[in-house]
Amino acid sequence: QVHLVESGGGLVQAGGSLRLSCAASGRTFSDYHMGWFRQAPGKEREFVAAISWSGGNTYYKDLVKGRFTISRDNAKNTVYLQMNNLKPEDTAVYYCAAKFGGVGVTTLTRYNYWGQGTQVTVSS
């Protein structure tokens with residue numbers, strides 16, 4: 001069992017930055033790949049970014065490339081999502097998730113464990 005807790009969400013003006021954190025407990029953190037997803041009101045949950053167990057490979061949704069950066073610190077059992085130049089369309093609840101194996105890192109249904117989410121609101 002893996003327990004994930006997100007933090008760092010909040011209200012920010014367009015063009016601003018936020019850094020989300022996701023603290024993991026339970027199984028060995030470096031055993032699994034980590035991902036960030038988001039869900040806006042009335043929309044389906046969508047992939048944002050993912051990182052391999054070692055941190056050597058990262059993956060991004062096209063719309064966030066160049067603005068968001070995913071990273072992890074295996075010594076601290078934490079994954080981060082640095083979000084810069086935020087836009088109103090980035091407003092959503094952001095979830096971190098964990099999966100075993102490198103297949104389908106951008107696919108929601110491939111993830112085994114989920115956090116409770118943190119709200120990010122970007123005002124125009």
Side-chain angles (χ1 to χ4, degrees):
Q1 189 72 17
V2 174
H3 185 56
L4 303 172
V5 179
E6 302 96 334
S7 61
L11 173 64
V12 64
Q13 288 188 332
S17 298
L18 283 174
R19 188 195 197 199
L20 305 184
S21 299
C22 174
S25 60
R27 295 185 59 167
T28 304
F29 183 63
S30 58
D31 280 350
Y32 38 90
H33 292 61
M34 298 297 296
W36 285 97
F37 292 76
R38 66 187 182 187
Q39 187 166 19
K43 295 188 177 181
E44 293 185 351
R45 194 172 299 188
E46 65 176 5
F47 168 76
V48 175
I51 189 166
S52 61
W53 66 271
S54 67
N57 293 297
T58 56
Y59 313 83
Y60 294 95
K61 177 182 176 67
D62 286 346
L63 288 177
V64 308
K65 284 181 180 178
R67 299 190 297 124
F68 291 10
T69 302
I70 188 171
S71 62
R72 66 189 295 162
D73 186 337
N74 286 347
K76 295 183 178 180
N77 292 350
T78 302
V79 62
Y80 305 96
L81 185 67
Q82 177 67 45
M83 305 185 295
N84 298 327
N85 191 22
L86 282 160
K87 304 176 180 182
E89 52 263 42
D90 294 318
T91 295
V93 177
Y94 283 70
Y95 299 89
C96 74
K99 70 179 299 297
F100 300 97
V103 176
V105 294
T106 65
T107 305
L108 182 151
T109 55
R110 292 278 190 170
Y111 282 77
N112 307 98
Y113 302 101
W114 290 85
Q116 83 290 348
T118 186
Q119 177 71 47
V120 171
T121 303
V122 184
S123 63
S124 57

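As a basis for the values below, the full set of heavy atoms in this structure was taken, side chains included, without hydrogen atoms, waters or symmetry mates.
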Can you tell me how far the [atom1] atom of [X] sits from the [atom2] atom of [Y], to the nearest 0.5 Å?
| X | Y | atom1 | atom2 | value |
| --- | --- | --- | --- | --- |
| R67 | N84 | CZ | CG | 9.0 Å |
| M34 | S71 | CE | OG | 11.5 Å |
| R38 | C96 | CZ | SG | 15.5 Å |
| I51 | Y80 | CD1 | OH | 11.0 Å |
| I70 | Q82 | CD1 | CD | 12.0 Å |

Ignoring hydrogens and angles, tell me if any N or O in the side chain of [X] forms a donor-acceptor pair with the backbone of [Y] under 3.5 Å.
| X | Y | result |
| --- | --- | --- |
| Y59 | S52 | no |
| N57 | A50 | no |
| E6 | G117 | yes |

Relative to each other, are the rings of Y94 and F68 parallel, tilted or perpendicular (30° and 60° limits)?
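Taking F68 first and then Y94, their aromatic rings sit tilted (interplane angle of 30° to 60°).
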
For Y111 together with F37, are the ring centres under 6.0 Å from each other?
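That pair passes the under 6.0 Å test.
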
Could you give all pairs that pass the salt bridge (Lys or Arg N to Asp or Glu O under 4.0 Å) test and reach residues 71-88, with sequence neighbours left out?
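Not a single pair qualifies under salt bridge (Lys or Arg N to Asp or Glu O under 4.0 Å).
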
Enumerate the salt bridge (Lys or Arg N to Asp or Glu O under 4.0 Å) contacts for residues 15-34, please, sequence neighbours excluded, ordered by first and then second residue.
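Qualifying pairs: none.
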
Minimum heavy-atom distance [X]-[Y], with the two atoms named:
| X | Y | value |
| --- | --- | --- |
| S30 | W53 | O-CB, 3.3 Å |
| A40 | A92 | N-CB, 3.8 Å |
| K99 | V103 | NZ-O, 2.8 Å |
| W114 | R45 | CE3-NH1, 3.4 Å |

ILVMFWY cluster, F47 and F100 together (side-chain gap under 4.5 Å)
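Result: no, two separate clusters.
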
Check the hydrophobic clustering (I, L, V, M, F, W, Y; side-chain heavy atoms under 4.5 Å; chains of links allowed) and say if L81 and L108 are grouped together.
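They do not share one cluster, since no chain of ILVMFWY contacts under 4.5 Å joins L81 to L108.
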
Taking only residues two or more places apart in sequence or in another chain, which ones pass side chain to side chain contact (heavy atoms under 4.5 Å, CB included) with A23?
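Residues passing side chain to side chain contact (heavy atoms under 4.5 Å, CB included) with A23: T78.
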
Would you check if [X] and [Y] make a side-chain contact, meaning some heavy-atom pair closer than 4.5 Å?
| X | Y | answer |
| --- | --- | --- |
| T91 | Q119 | yes |
| D90 | M83 | no |
| V79 | W36 | yes |

Can you confirm whether more than 12 heavy atoms, excluding those of R110, are under 6.0 Å from its CZ atom?
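Not more than 12 within 6.0 Å, no.
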
